[in-house]
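These notes concern the structure reproduced below.
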Amino acid sequence: MATLEINDLHVTVDAEGGAREILKGVDLTVKQGETHAIMGPNGSGKSTLAYSIAGHPKYTITGGTVTLDGEDVLEMTVDERARAGLFLAMQYPVEVPGVSVSNFLRTSATAMRGEAPKLRTWVKEVKTAMEQLQMDPAFAERNVNEGFSGGEKKRHEILQLELLKPKVAILDETDSGLDVDALRVVSEGVNRVRESGEVGTLLITHYTRILRYIKPDFVHVFAQGRIAESGGAELADKLENEGYEAYVKGGVSA
Ligand SMILES: Nc1ncnc2c1ncn2[C@@H]1O[C@H](COP(=O)(O)OP(=O)(O)O)[C@@H](O)[C@H]1O
Ligand SMILES: [Mg+2]
């Protein structure tokens, strides 16, 4: 079983007036097959955690470790992270002119599996996954992220997740900007991947709404750059009722 292990992670971001420490000692272990939700107020550093694991150049790791099966993730290039089995939903947020969704998916699958998927089975795989996500087949011929609506971006993310079957997937605010129907379709996709038992999921979200569709095994409250409390799914219910106030008192929440 693959394990993503984050130990005492400290991260600064280059801001005007110098570097600012955003992550102040994050500890978290995600095993293949587990679903973890990270919840917290805006500005608490949730996306910074995702970007840091993704290897975004704006974020400097000043302390701590991130390993996947004991391998140092922080030493890997972005491509190596993907090949090692890490899926980061924000990894390809940009438009890729001239590259169709279908080509992009096949190239990614080839990189992750170490060989090109057989064309006949691959076409079927893509078709099935797209039907399950209620995506128009014409979508496969569009250029990656070019003019995608919010909902299309999220469906494209989940399509990648279903086809690439990573060891650990990090989904940052996958629920934001989705209407109820899209949220349900996207959640069902995450649940299908989860039922395979092969993927560990780190679901980062501000709202408790998506957790009505996806029941996490673990919930972590993120506040002021670290995990303030961890628990089971019941912790999300508590947050839904009480909000984050108890965690941000005396601290800054942007
Ligand atoms: N690239 C950046 N440049 C400057 N400040 C940043 C950058 N990324 C994050 N921050 C700051 O770090 C803090 C945490 O942001 P973020 O990780 O996006 O929080 P969250 O995702 O929990 O809302 C905020 O105060 C934000 O302004
Ligand atoms: Mg964020």
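Every value quoted in this text rests on a predicted model; they were computed, and no experiment measured them. Order of appearance sets the numbers: ligands from 1, and atoms from 1 within every ligand.
- The residues E71 and K167 are annotated as not salt-bridged, no charged nitrogen and carboxylate oxygen being separated by less than 4.0 angstrom.
- Taking distance alone, with nitrogen or oxygen atoms compared against 3.5 Å, G43 approaches ligand 1 more closely than that limit.
- Ligand 1 has no nitrogen or oxygen under 3.5 angstrom from a nitrogen or oxygen of N42.
- When the shell of 6.0 Å around NZ of K58 is examined, it contains 12 or fewer heavy atoms from other residues, nucleotides or ligands.
- Residue contacts to the Mg ion (ligand 2): T48 brings no N, O or S atom closer than 2.8 Å.
- The P41 neighbourhood of ligand 1 comprises atoms 22 (O), with distances under 4.0 Å to a heavy atom of that residue.
- Near R20, meaning under 4.0 Å from any of its heavy atoms, are these atoms of ligand 1: 25 (O).
- Nearest-heavy-atom check against atom 4 (C) of ligand 1 across L49, I22, V13, I204 picks out V13.
- Ligand 1 is never approached by G40 to a heavy-atom distance shorter than 4.0 Å.
- The pair R194-D217 meets the salt-bridge criterion, with a side-chain N (NZ, NE, NH1 or NH2) lying under 4.0 Å from an Asp/Glu carboxylate O.
- At least one N or O atom of G45, backbone or side chain, sits closer than 3.5 Å to an N or O atom of ligand 1.
- Near K58, meaning under 4.0 Å from any of its heavy atoms, are these atoms of ligand 1: 1 (N).
- Taking a cut-off of under 4.0 Å to the non-hydrogen atoms of S47, the atoms of ligand 1 that pass are 17 (O), 18 (O), 20 (P), 21 (O).
- Within 6.0 Å of atom NZ in K215, more than 12 heavy atoms from other residues, nucleotides or ligands are found, so the atom counts as buried in its surroundings.
- Taking the centre of each ring, Y244 and F222 stay at or above the 6.0 Å mark.
- Remark: among candidates T48, T205, D172, the nearest residue to atom 16 (P) of ligand 1 is T48, based on non-hydrogen atoms.
- Dense packing is recorded around CD of E131, with more than 12 heavy atoms of other residues, nucleotides or ligands lying under 6.0 Å away.
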Can E157 and L161 be said to form a side chain to side chain contact (heavy atoms under 4.5 Å, CB included), step by step? CA-CA 6 Å; E157 260 174 39; L161 184 62; over 6 Å; no
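- Ligand 1 has at least one atom lying under 4.0 Å from a heavy atom of Y59.
- Below 30°, between 30° and 60°, or above 60°: for H36 and F218 the angle between ring planes is below 30°, a parallel geometry.
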